[in-house]
Amino acid sequence: MSEQLTSTAYIKHHLQNWTYGLNPETNSWGFAHNAAEAKSMGFMAIHVDTMFWSILLGAIFLWVFRSVAKKAEAGVPTGVQNFVEMIVEFIDSSVRGSFTAKNDLVAPLALTVFCWIFLWNFMDLIPVDWLPATAGWVGQTFFDMNPHHVYFKVVPSTDPNATFGLALSVFFLTIWYGLKNKGVGGFTAELTMMPFQSNNKVVQALFIPVNFLLEFVSLIAKPISLALRLFGNMYAGEMIFILIALMFSAGATMAVFGGVLQLGWAIFHILIVTLQAFIFMTLTIVYMDMAHHEH
Amino acid sequence: MNINLTLIGQSITFAIFVWFCLKFVWPPIMGALEARKKQIADGLAAAERGAHEKELAEKKATQRLQEAKGQAQDILAQAQKRANEIVDEAKGAAKAEGDRIITAAQAEIEQEVNRMKEQMREQVVAIAMQGAEKILKREVDQSAHNDALKELASQI
């Protein structure tokens, strides 16, 4: 590492995505060299590391499950088929427990959400410096880059783009199925005729804006809370790993202490990793269920 | 931590993954699970049926055994009865035969006795004739006195 590396720089480096976008100054597409440049790109940019890892992890998930699905048979299951069937049955029972309508999309949706988010979160358990340092070394050796300008964030769920991408997709699905099952009238009524109701038409008309304000906020709160819960948990977890990693450069005693802390936090984090994936999946099922029923 | 095109990229990726999962992952696995569930249920049902059949067969076997025992008893009783009959018949036959033999023997004996009596009578007549001849020292006209002699012989 370099001589001017401070704790702040280390943390900032770890929290910066590898960004490819439209540079407003040169008006050309390229990789951002630092955080300010990435920020100046605004919306017309893409986080290459987030996309790379999420697609890779999703592909691994689908490859494993597909390879099992291809030769799945009713006989005695062995090895990886057992494992996959265990997950599938777990998802299936969760869906049966929370989702009461008939929709073939929900179970595969829940499976994808759970496994994908679990794998995202699982990347957090890989020591924070391994993959970024490897990327830095590759950049320096093969592409003649300054390793400080190689940004590589490996946990997609610490990127709000990823969590919001999922949460908004689920949100649009719930709106789509809400409109489909309840009709435009039913859907609007749900937003405007509750929770305050009156038999008097005039009073009801007065209630509409109040109801809409309340219901609209709770509607919007769903995807935002869904995305921010996952993002917040994983971001905080990542941050603690980074802070612990800082202790490794502060002398032998601190390094040993840091090692113990890292182990403890990693073990605790296994719980969070699974729990967050499970919460996201369960809420997805619940929101989908709400989109299918009047309530 | 900027919101940018990644958001849309992630959404598209997510949609593709969910679609793939919906088309190629979920149905075959669930199909296999359902098929296995059905196999197990069928197996259990077959086992139950088998157990029931075994019970029935056991009942039937016991019944057959009972029947066979009864039949054997009957046959035995009949045989006993028949044997007794045969013995009785044999006894009767033997007794009749014995009686017949005895009767025949008695008849023969009687006949012999009569024959012997006749002989002896004749001999006695002869002896008496000789004695009389000697006593009278003369010849007796045998033909003249035959009737008298015969009468005499029958009185002996």
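Just so we're on the same page: letters track the sequence lines, and every chain starts at 1. Note that these values count all heavy atoms, side chains included, but never hydrogens, waters or copies made by symmetry.
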Contacting moiety of A/Leu166, where chain B heavy atoms sit under 4.5 Å: both
Residue, of B/Ile12, B/Ile40, B/Leu22, B/Ile16, that accumulates the most heavy atom pairs under 4.5 Å with chain A: B/Leu22
Geometric class of the B/Phe14/A/Trp116 ring pair [parallel <30°, tilted 30-60°, perpendicular >60°]: parallel
Contact class of A/Val48 relative to chain B, heavy atoms under 4.5 angstrom: neither
Largest heavy-atom contact set with chain B, pairs under 4.5 Å, which of A/Met44, A/Gln81, A/Met51, A/Lys70: A/Met51
Side chain, backbone, both or neither of A/Phe172 within contact of chain B (heavy atoms, under 4.5 Å): neither
Region of A/Leu111 in contact with chain B, defined by heavy-atom distances below 4.5 Å: side chain
Pick from A/Asp104, A/Asp92, A/Val76 with the largest number of heavy-atom pairs that fall under 4.5 Å of chain B: A/Asp92
Partner chain A: residue of B/Gly9, B/Ala15, B/Ser11, B/Pro27 with the largest heavy-atom pair count (under 4.5 Å): B/Ser11
Interchain contact, A/Pro156 with chain B, by part (heavy-atom threshold 4.5 Å): neither
Chain B contact via A/Ala59 - side chain, backbone, both or neither, heavy atoms under 4.5 Å: backbone
Nearest atoms (heavy-atom pairs only) where A/Ala72 meets B/Pro28: CB-O, 4.2 Å
